[in-house]
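Note sheet for the following structure.
Chain letters run A, B, ... following the sequence lines, proteins first and then strands; every chain starts at 1. All values below come from the heavy atoms of this structure, side chains included, with hydrogens, waters and symmetry mates left out.
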Amino acid sequence: KQEVTQIPAALSVPEGENLVLNCSFTDSAIYNLQWFRQDPGKGLTSLLLIQSSQREQTSGRLNASLDKSSGRSTLYIAASQPGDSATYLCAACFRGSARQLTFGSGTQLTVLP
Amino acid sequence: SAVISQKPSRDICQRGTSLTIQCQVDSQVTMMFWYRQQPGQSLTLIATANQGSEATYESGFVIDKFPISRPNLTFSTLTVSNMSPEDSSIYLCSVESYRGQRSGQYFGPGTRLTVT
């Protein structure tokens with residue numbers, strides 16, 4: 001069964017700290033992996049997309065990596081800010097699927113001022 | 001990136017009634033997806049909607065409960081039929097967009113449904 005797991009479920013850090021969110025997936029045959037941000041009661045905002053042929057993507061203070069052989073992806077957030085507080089979801093598009101995403105359960109991040 | 005809107009943004013409905021959720025995209029897309037996010041949970045795919053064909057439902061979801069329309073390449077509707085409190089969720093539509101660095105799957109703002 002193709003699954004995506006995120007650990008930890010919740011994380012609290014002081015402002016300014018660098019942090020890493022983890023995502024693992026059970027099947028290395030993926031088209032891509034995408035990281036999203038969800039604020040309470042809101043929809044999803046796409047942060048970064050990594051194609052299966054890529055190892056990382058960067059956008060501002062965010063860097064996402066992909067290691068298919070180990071079935072892992074990380075989202076690195078540099079110099080965290082209170083405005084980064086949200087739930088972060090990773091989702092994999094597995095080969096053999098009809099391009100739909102399989103989501104992890106998310107990591108709820110709180111950045112303390 | 002694709003711009004997606006959904007209507008209504010939220011609703012409170014009575015048990016046994018039905019609600020139709022609309023999803024509008026600012027560009028033509030082949031595939032649209034409908035997801036459900038139950039309280040405190042992650043997203044689960046309900047079905048994939050392609051224009052000109054029947055929607056494809058995931059295990060645990062059936063057409064009688066969640067009928068979907070896809071009349072053209074920019075619009076889709078999801079109906080939640082004969083609602084019960086267990087249907088209280090956020091319902092989101094999404095599309096794939098292929099635009100270089102901005103490629104990926106994009107989501108509408110969601111429809112928050114509460115069934116009493």
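For A:Ile7, the CD1 atom is loosely surrounded, since the number of other residues' heavy atoms within 6.0 Å does not exceed 12.
A salt bridge links A:Asp84 to A:Arg61: at least one charged side-chain nitrogen sits closer than 4.0 Å to a carboxylate oxygen.
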Audit row: B:Phe33, B:Phe107, ring pair (Phe, Tyr, Trp, His ring centres under 6.0 Å) steps and yes/no:
CA-CA 9 Å; B:Phe33 305 92; B:Phe107 283 78; 8.6 Å; no
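With a threshold of 4.5 angstrom between heavy atoms, B:Leu43 approaches chain A through its backbone and through its side chain. In this structure, chain B has heavy atoms under 4.5 Å from both the backbone and the side chain of A:Leu44.
Annotation: maximal heavy-atom pairing with chain B below 4.5 Å, among A:Leu89, A:Thr102, A:Asn32, A:Leu101, occurs at A:Leu101. When the candidates B:Gln6, B:Glu96, B:Arg112 are compared by the number of heavy-atom contacts under 4.5 Å with chain A, B:Glu96 comes out ahead. By number of non-hydrogen pairs under 4.5 angstrom with chain B, the leading residue of A:Lys42, A:Gln6, A:Gln34 is A:Gln34.
A donor-acceptor contact under 3.5 angstrom links the side chains of B:Glu86 and B:Ser84, judged on distance only. A:Gln38 and B:Gln37 are linked by a side-chain donor-acceptor pair at a separation below 3.5 angstrom, with hydrogens and angles left out of the test.
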